[in-house]
Chemist: 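Shown below is the structure under consideration.
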Amino acid sequence: MNWSDIGTISPVVIAVLVAAAVLVVDMVAPGRRDPVIVTALGGLGIVAVAILIQAGRSGSAFGGAYSLDNLTVFLDMLFVAIAALTIMFAADYLEPRGLPIAEFAAVLIFAVTGAMLVAGSTDLLLLFVALELMVLPGYMLAGFARHDPYSTEGAIKYFLLGSFSSAILLFGLAYVWGITGTTRVDGVAAALATVVATGKIAPGLAMGLAFMTTGVAFKMAAVPFHYWTPDAYQGSPTPVTAYLSVGPKVGAFAIALRLFVGALGPLKADWLPVVIVLAALTMTLGNLVAITQDNVKRMLAYSSIAHTGYILVGLAAYAGGEQSGLSAILFYGAAYTFMNMGAFAVVTALQRRPGVSSQIATFAGLGRRDPWLGALMALFLLSLTGIPPLAGFWAKAYVILAAIQAGGWLTVLAVLAMINAAAAAFYYLRVVVYMYMREPTGDAAPSSPGALFRTGLAITGVGTLIFGLFPALVAAAADAANVFHG
Amino acid sequence: MPISDSIPLVGIRWDDVLFVVLAAALLGSALLVVTLRDIIRCGLALTASLASLAGIYALLGNPLVAATQVLVYIGAISVLILFAIMVTQTKNAPVRLAFQTQAWIAAVAAVAIAIVISITVLATTWPAGGQRLWTATTEVAHLLFSDYVLPFEVVSVLLTAAVVGGVYLARRESGPREEDRS
Amino acid sequence: MSNSLDSYLVLSGLLFAIGTFGFLARRNAISMLMSIELMINAVNLTVLAFGAFVAPLRVHAAVIALLVIAVAAAEATVGLAIVIAIFRNKKTPLVDEYDSMRD
Amino acid sequence: MTFLIPLIPLLPLAGFAITGLLGREMGKQSHKVAVWAVVASWLVAMLVAFGALSHTLGFDAAGAGIKLWDWIPATGFHADMGFFVDPLTACLLIVVTTIGMLVHIYSIGYMAHDEGKWRFFAYLNLFMFSMLMLILADNFLLVFAGWELVGLCSYLLIGFWFPRRSAAEAAKKAFLVNRVGDMGFALGIMAIWTQLGTLNMQAVFAKFAGVPHEWQIAIALLILCGAIGKSAQFPLHVWLPDAMEGPTPVSALIHAATMVNAGVYLIARCNPIFGTVPEVMVIVAAIGIFTAIMAASIAFTQTDIKRVLAYSTLSQLGYMFASLGVGAWTAAIFHLMSHGFFKGLLFLGSGSVIHAVDGEQDMRKMGGLARKIPITYVTMLIGSVAIAGVPPLAGFFSKDEILGGAFKNGFLWVWAIGFVVAGMTAFYMFRLMGMTFWGQSRVDPEKEHPTHESPPTMTRPLILLAIPAIFLGLLIGFPPESGLLHQWLAPVFEATITASGRTEAAYSFFGIDGVLAIGTTALVAVAIVMAWRLFGVNMPALGLHAEPRPDRVRELSERQGLAELYRGSSHKWWFDDLNNLLFVVWGGKLAAAVFWFDRTVIDGTVNGIGTVTTGAGMRLRQVQTGRVQNYALGIALGLIAMAVGYILIAVR
């Protein structure tokens, strides 16, 4: 360890300091909301600057355990944005419920620190530890409304299943480590390349792969390892759901990139069929069940499963020989972050007053009650549906095009993805129908969120629109972040 | 006088005997952990199985990890047991039924997992020598603070985060009890 | 026997399976936590077994095992906190009674 | 002047944004912004269309485009945000902006008392934006964007009167069926991209000959799939009749004059693609002409005035498809334009009728309205004459060119069916006129009294639309096959026609063309007379009067077998009976059978897919039991399956 190593991970270090600072500020001025928010958002701003300073540079630190490259920069920026948006949306939600913003922000920033470390990990052990740092705070955030039975129930389900899957993942990692003899990702890849060159892979390695894939598939919420998603998402306080639906999900795909593409790349012919099956199941089940949901939060939870499926199509396309599949994943992650957080933010806005449910009836007549909120929700839902020219359209187009380019079975997968995208219109538009084609229900009060909240909504809305109209910028960044060329 | 490697006359190696004894203790106590009805006894069985594991670690030539195992887990497990007592001694939750209705399927699944692991392990030729190696503590310390210093630091952050969040969640405090219909 | 990697790996596999069974079959949240501890310890046994038989992994195994123990401790902390929180709300440690969200 | 092009869609978009977000505060004035936006857009569009058609103002014969920005310049995949205007686009611009503007004006009166007026105008503006994007786009992706958005607007507008359950159902059905077509279209776009590496339309057309033939067929079929969905051709036509649940201006604008034409436009636009695959062209012709006769036969027996018009629209769109299929490209666009005007007129007229009789749509409860709502009556009569194909109104020329094109390009069967459909069209249109405007009033007594002509904002667009319904044919379609329209569109279709080798003989009045025209006109005349005799007529100015004979209609439709055909047949009635037998009895039975097939089989399939999907979802959601250990068991089983899978892969 030396100073240049610290410099390389400076965004992570700063993020930890920000979390600490938030707690300190709360101790100095207990129960005050604004100093905490200013500290948290300002700190995240500094983190963002620290990340951007590193843009374009590349190198590794800690003897190859951590890699600074465009992928790290891209994902780190995304994670910081997710954290900032979550805090913006959470403040207005936590306050009326008497939940402390300081602990929330600190735990959230810890989680995001873990995600940022995941993005840069090129070491199996660091990857696992960073993953735990990402998910453990997530369990606590899910149960953050600790007097709410739903919140704690979601949290314990999430925690138990998450720990179970972590153990499974760790078991698999141990075998891969034992067989390849190193924890460094490039070392693993090199060892596996010789394994592949010399013939069949050993049964022990196959078993290890199975355990690892299961663990990662769980974190992504891929079917049939998705069960935690609907309950955890529905039970969590809505801003937390917004965070959970993008943060750990993008983090899980970061793991997939570092682990499957980086370390297990030489075995891609072996994990490709598995990913294809997972993608097909995930898209289809997520969509089919989402159609039947009457609770918008739960519907969005199932739909987030479906989106996992689409993203997996990009991974499969990569394994099928199409490099751009990975750029597609990154673009999808960015687009999904904005539109999905936006959708959850609107739900949050409606639930600002405690006791308002997220049943679809809550949305009745929203388009007339509050044209701005309605229009934004419609924008997010249409983008999630994949209607051009919004962000979600390009996201889907990218992964599907990559799959078609890869050819073979992936063409079938691409067609399946399109069928699923078409079916998805049903449940997203159902909400639009409620907003614009139903009379408002009596007790629905206007939401009128605060300025901070509105800023967050504006950012997600503009992001969804801009990513759709000018996708070039993000696409170029995603392309540059695809460091696995060649 | 050095003791010979194997038991005189019978010809079975001493460390094989030790291994069998420890393995049996480990599996037996682990089975007790998952089958005993009384949660306090479960906790005691868990302590026993973790202690057997510590023995196996020592047998594997890793006294440092064995020692850590004993220290950390005995501490952690006692907390678990205490907590189990605290939780289960309420009148509302007697330890009536320890098992899920799906216990049989669970048993089948667990056996299947055991079989899968065993078969694949046995079917694989490991790149391993036939002799156990001894690990010196200084080497471990050196490696931990060179190659693995970042994971080590991250674990410390992780523990901090766990404590911050854990204290918040577990803190007893008279707050407004909000019912959110979600 | 004690000088064969296979026997340790099979042993750890059995331990992992026992832990899985406990996790799937026990109704009490605390029992489930204990089962997870068994599973994580099975992983550590695997790691140390590799370390004891594969020369280049020797020292690494110990480091990994130590860090995994620490992670497990953090996980236990969070788990206990969540169990306390839900116990306050639901007044039961039996997880199959936590089923207000479904379908 | 190409810099003006982006204004055409952007003005309605701005109107949508302003009206949508601030409309509620504007109250009674909420239509102002929307209407002026469309009027401004119309002015610009006229200027651009003038330039594109006269090859001035910066346009040349091949058209001109404007690229706004690189939409997506990622590696290996490129698309621009750009517009392209050529004579074909210009023709569509004229139709879309003119009718769009008139419908906006009409809606001021029609929606005057609806409290959701601002929403309505916002949606209409959004629709105009989407539709204009669709026709102006210079690449397939942008077309697709417009394609999806018009579908969305149609969905919102069909369901506009949401308290009516049927409206919501209809909206859902329209969306579902359209998604099927859209998916085909999207797949087609992807196929184009994998084969050619570009999505710019002109570039695609230039390079398309180099694509392997099986891919050419696949691409053409997939695009056709999209066109069928949007233009409501068999078997994806089921949504259009139900879509009549929407407000009538919507039916006029979207479901008659503009959006449903998108499919026709798309195929015409892709003529270089379709020109290379004659086998697909035959499919296009077959689908088109089958839809034409099927829908016409159903229109015979419908009693809801808007449904008659809806089936009529299906039938006329079928004509256009048939025309495209036989290679009479210009005729298809000609019919698209003339149909847009007179069908828009008919729908707005029907809206005026419905308005007059206080929301009644059943023609059996109308009758004798000619004197009470004279402007509506006269303009609708013009529309009916035009659609029936009476010379020299617009429909005559365009329909005649289609039939002539089919005949001369060797598609005798298309011509024969089309010929029959021409007669049927005339018959059911005058059935509609007879039941609505002539004869005795059957209006509910309590609705009888306040029956009144609509306000000027509603009648003026009718009058304005009647003008092109009369003169459009003469103006741009005369002399046949060498009129203005043919000169305009020659650069667009020339290459394809030459490549197909079907350089038909020029139109000659005293050759086969004249004979065909006379034949069709005669049939139309007979059909009209037939309709008069059965359903009545009352045009004192022309000295025409006949009372409706409902008893006879009933009797004819109840009569069975050929034996009765001759009973009491005098020479005078023979013709009448035969034709009535054909039209009313057999036609009625056929119509009933087709209707049954349509509602039961096709509709049932559509609904069935929805039910099956939901059912599967319901079953799957039961997996989520709420018990965490069931979930864990699922994960464990998944783990075992995955381990087995990986081991199988490893030892393979």
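In the text below, chain A, chain B and the rest are named by the order of the sequence lines, each starting its count at 1.
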Chemist: Which answer fits C:Ala49, side chain, backbone, both or neither, if we ask what part of it has an atom under 4.5 Å from a heavy atom of chain A?
Modeler: neither

Chemist: If contact means a heavy atom pair closer than 4.5 Å, which residues of residues 105-117 of chain A contact chain C?
Modeler: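 Result: none.
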
Chemist: A:Leu173 versus C:Val43: any side-chain heavy-atom pair under 4.5 Å?
Modeler: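 Counting from C-beta outward, A:Leu173 and C:Val43 never come under 4.5 Å.
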
Chemist: When only pairs under 4.5 Å are counted, which of C:Ala85, C:Gly19, C:Ala72 shares the most heavy-atom pairs with chain A?
Modeler: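 Most heavy-atom pairs under 4.5 Å with chain A: C:Ala85.
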
Chemist: Please find the pair of heavy atoms, one from A:Val129 and one from C:Val71, that lie closest to each other, and give the distance.
Modeler: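 It is CG2-CG2, 4.3 Å.
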
Chemist: Using a 4.5 angstrom heavy-atom cutoff, name the option from C:Ile36, C:Ile84, C:Thr20, C:Thr77 with the most pairs to chain A.
Modeler: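 The residue among C:Ile36, C:Ile84, C:Thr20, C:Thr77 with the greatest pair count is C:Ile36.
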
Chemist: Between C:Val68 and A:Leu170, is there a side-chain heavy-atom distance shorter than 4.5 Å?
Modeler: yes

Chemist: Check whether any side-chain heavy atom of C:Leu67 lies under 4.5 Å from a side-chain heavy atom of A:Phe128, and answer yes or no.
Modeler: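 C:Leu67 vs A:Phe128: side chains apart.
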
Chemist: Is A:Ser151 in contact with chain C via its backbone, its side chain, both, or neither, using a 4.5 Å heavy-atom distance?
Modeler: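 A:Ser151 has no heavy atom closer than 4.5 Å to chain C.
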
Chemist: Return the orientation label for the C:Phe16 and A:Phe171 ring planes: parallel under 30°, perpendicular over 60°, tilted otherwise.
Modeler: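 The rings of C:Phe16 and A:Phe171 sit tilted, inter-plane angle from 30° to 60°.
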
Chemist: Quick check on the interface: out of C:Leu33, C:Leu9, C:Asn44, C:Val63, who has the most heavy-atom pairs with chain A under 4.5 Å?
Modeler: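 Winner by heavy-atom pair count: C:Leu9.
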
Chemist: Please classify the contact of A:Ile156 with chain C as side chain, backbone, both or neither, using a heavy-atom distance under 4.5 Å.
Modeler: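 Looking at A:Ile156, backbone and side chain both touch chain C.
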
Chemist: Answer yes or no: is there a side-chain heavy-atom contact under 4.5 Å between C:Tyr98 and A:Thr152?
Modeler: no

Chemist: Under 4.5 Å, heavy atom to heavy atom: which of residues 130-140 of chain A reach chain C? Give them by number, or say none.
Modeler: A:Glu132, A:Leu136, A:Tyr139, A:Met140

Chemist: Given a strict heavy-atom distance threshold of 4.5 Å, which part of A:Phe211 is in contact with chain C: side chain, backbone, both, or neither?
Modeler: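 For A:Phe211, the side chain is the part near chain C, not the backbone.
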
Chemist: Heavy atoms, side chains only, cut-off 4.5 Å: are C:Val83 and A:Phe159 in contact?
Modeler: no

Chemist: At their closest point, which heavy atom of C:Ile40 faces which heavy atom of A:Ala167, and how far apart are they?
Modeler: CG1-CB, 4.3 Å

Chemist: Identify the heavy atoms of A:Ala174 and C:Thr46 that sit nearest to each other, and give their distance.
Modeler: CB-CG2, 4.2 Å

Chemist: Heavy-atom pairs under 4.5 Å with chain A are the metric here; pick the option from C:Met39, C:His60, C:Met32, C:Glu75 that has the most.
Modeler: C:Glu75

Chemist: Give, for atom CD1 of C:Ile82 and atom CZ of A:Arg146, the distance between the pair rounded to the nearest 0.5 Å.
Modeler: 13.0 Å

